[in-house]
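All remarks here apply to the structure that follows.
Order of the sequence lines sets the chain letters (A, B, ...), proteins ahead of strands, with each chain counted from 1.
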Amino acid sequence: MTVIDPKLNDKQREAVEYLSGPALVLAGAGSGKTRVITQKIAYLLQVCQYDADRVLALTFTNKAASEMRERLSAVLSARQLRGLFVGTFHGLGLRFLRQEGKHAGLQERFSIMDAHDSYAVVQELLNSTDRGRIMAVQQQISLWKNALLSPDEAAAQLSSPSQQEAANIYRSYEATLQAYQAVDFDDLVRLPALLMRTDEELAQRWQQRVHYLLVDEYQDTNTCQYEWVRHLVQPRAQFTVVGDDDQAIYAWRGATVENLQRLKEDFPSLKLIKLEQNYRSVQRILAAANRVIEHNPVIFGKSLWSDLGYGEAIHIEECANERAEAEWVAFNLMQNRTMRQAQWRDFAVLYRSNHQARVLEQFLRQFRIPYVLTGGQSFFAKAEIRDVLAYLRLLANTDDDPAFIRALTHPRKGVGKVTLQRLGSFAAAQGHSLWDALPSFLLSRDQHLSATQKEALEGFYNFIERMLSKIDYRGQQAADFLQLLLRAIEYEHYLFSRYDERPAQARWQNVLDLVDWLMRKVVEDELSIAELVQHVSLVAMLENNEQDEAPDAVHLSTLHAAKGLEFPHVFLIGAEEGLLPHLGRKEDDADATDEEAAAGLAQRIQEERRLMYVGITRAQRSLRISWCQRRRQGREDLVRERSRFIAEMLSAEATQAVTEPPKSADDYLAELKSLFD
DNA sequence: CGAAGAGTAGTTTTT
DNA sequence: CTACTCTTCG
């Protein structure tokens, strides 16, 4: 009656069954780590009789979470799974703050600000339009938050004068968010971590709920996340974290691989289990990956192996420019599909940065090759989606000034920036949100409002007021309300007046998709609008298509978004110095010493190398890498050099293993077989 | 106030 | 090439 998959190897089985204390599973690429996590959850629930609502599994992406849920429901019944939490850190943070937000000065209906909103706040506070500067400050604030530093603590350990300004902004930024009754993405993890640290009673309450914790992609945790995990698992210390130091690619987001070592220090009884058998790739691909990654310093030694045969040679293509590269990809896709009798979905094209997808798309369309794009601009970052959501956010939380402004100006309602500015200072003087200040602003005599302005503002006020009375609707009623709202704001008309026919149509379709999805969500889960809104900004709409089976199409993805995926045949394009490894702008470290700059650079190269490693290890059977001699960047055409990672991969002793045909008859047969089955 | 037109910079990766 | 900002005019 065991639920344990008999196909697990010894190490995997050990990882699943080990319950005597904290465990760190070092899982190399393709070593079956997701399987270990899902099997372990099944083991906990079915064999060890853990209560499902005492088990938590944390992931970084929604995609990973939904995949895990899917795999679990193949093994366990819905009843067994009820109460189990499988979700992202941010998702759990939201749930946490819903319940405990009051301890952080948050009302129940706080808003979640995305990167755009927070950019706007920083812009306002900086009183500047310098993109680079705003983004630098925003990034710095985010890093401080992820390191669990308060504005004061940040100010106390400035490493450069330019950070002084950022620290000041950080302070006001916090005050602004508090006034808006809003949190940003970072807060969803930071506030729970802080509260667990400072509030003993609250901490105990949550610790009682967590009898077993599992964390996926542990190498990508930042200080905040680690701190939160550390507190959640007290005092039992019953947890399993799974990760691979060679696949740590989120340092730029505050993730620190040191969390792997800290774990050892904080939990001396930590059990280390290494998964080194790779079930994904042929040996030649693993050899290439190992050649590259061995140029990084070793943290935990690991040697991946596979028994899937030698495989064909890795192909490296030198292209004239990015158009030639795209054409080469398209041509090879066609040729390979036919030759291998493969399907489109067996292929993936991976690249360092999103804009590389553009040219590619052009050529794939031209060759009539179906493709799907993963990563890239999130659905929720689209202007039309944010517009519609602004109304919902405002309704859920009238203190949400960014939502107020967006709703008032999209579509335009005859109120311009001058009036808005005045309302802004009026509200600030009173210490009220824009919404709360609006009635007295309208009555105030010394504002010299024109009749049209007054009328426009009044119209908006009355409209929102009317909608507000329906905010507590649930289920079907809420769904009806959504439709009413959409019609009332005349958004379709706005889109078509603003954009050309075709783009307007596309945008409107996005809105319809959104509302469709919202309505379904609200009915299925019996949610109120207020509850819905918070979810929406976090949950990707992936679930939307979960039923439609994946179309037969080539996968286009950034290297980051490709982590965790695998494909029989992979194209890794743009392997050039400056792109992969990507080298940031020099001014970034303008006020660091030469030594610091050099150390920083070395770190970045290492992270880029891990990215390359991730890319290579996505491939199961064949890998093609390309680079361009010239590449157009903005208005100039730059001469490029082949990525150092290619040289590393081909380093003298490795060349034969990577590119030459296998020698023995067995190997030769294996290669033939891999081509035809 | 806002629509239309001219001008200009230009995003590494994501919850 | 394009997406966003700034300017000008109605």
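- In the set dT14(B), dT15(B), dT12(B), the nucleotide with an atom closest to the side chain of F185(A) is dT15(B).
- In this structure, E384(A) places its CD atom 15 Å from C1' of dC4(C), rounding to the nearest Å.
- Across dT14(B), dG2(B), dT11(B), the shortest atom-to-atom separation from the side chain of H560(A) is found for dT14(B).
- Taking only distance into account, the side chain of R352(A) meets the base of dT13(B) through a donor-acceptor pair shorter than 3.5 Å.
- We find that CG of L92(A) is positioned 17 Å from P of dT15(B), with the value rounded to whole Å.
- Residue-to-nucleotide proximity on DNA chain B shows that, of D130(A) and H355(A), the 5′-proximal contact is made by D130(A).
- Checking the phosphate oxygens (OP1, OP2) of dT14(B), no side-chain nitrogen or oxygen of R253(A) falls inside 4.0 Å.
- Protein atom CD of E217(A) is 19 Å distant from nucleotide atom P of dT13(B), rounded to whole Å.
- Checked for salt-bridge contact, R631(A) and E576(A) meet the test: a charged N lies under 4.0 Å from a carboxylate O.
- Applying the 4.0 Å criterion to OP1 and OP2 of dT12(B), one finds that T558(A) has every side-chain N and O outside that range.
- Between the CG atom of L601(A) and the P atom of dT12(B) there is a distance of 16 Å, rounded to whole Å.
- Annotation: side chain to side chain donor-acceptor pair (under 3.5 Å) contacts of H493(A) (sequence neighbours excluded): none.
- A residue-by-residue look at T419(A) and E607(A) shows that T419(A) has its nearest nucleotide of DNA chain B further toward the 5' end.
- Between W228(A) and F96(A), the ring planes are perpendicular. Angles over 60° get that label, and only those under 30° would be called parallel.
- Spacing between atom OH of Y119(A) and atom P of dC4(C) amounts to 11 Å, rounded to whole angstrom units.
- Rounding to whole angstrom units, CG of residue D220(A) and C1' of dT13(B) are separated by 11 Å.
- Side-chain proximity of R412(A) to the nucleotides dT14(B), dG2(B), dT12(B) is greatest for dG2(B).
- The side chain of S353(A) approaches dT12(B) more closely than any other nucleotide in the set dT14(B), dT12(B), dT15(B).
- Contact annotation: N62(A) does not reach the phosphate of dT15(B) (side-chain N/O to OP1 or OP2, under 4.0 Å).
- Separating the P atom of dC4(C) from that of dT13(B) is a span of 15 Å, rounded to the nearest Å.
- Listed nucleotides: dG2(B), dT12(B), dC4(C). Nearest to the side chain of R131(A): dC4(C).
- I405(A) pairs by the side chain to side chain contact (heavy atoms under 4.5 Å, CB included) definition with T409(A), L420(A), L434(A), not counting sequence neighbours.
- Straight-line distance from the CD atom of E576(A) to the C1' atom of dT12(B): 14 Å, rounded to whole Å.
- Ion pair K563(A)/D220(A) flagged as a salt bridge, since at least one NZ, NE, NH1 or NH2 atom sits closer than 4.0 Å to an Asp/Glu carboxylate oxygen.
- Regarding F60(A), its CZ atom lies at a distance of 11 Å from the P atom of dT15(B), rounded to whole Å.
- Between the side-chain ring of W252(A) and the base of dT13(B), a stacking contact exists by the 5.5 Å and 30° definition.
- Ion pairing of E322(A) with R632(A) is absent here, as no side-chain N (NZ or NE/NH1/NH2) approaches a carboxylate O to less than 4.0 Å.
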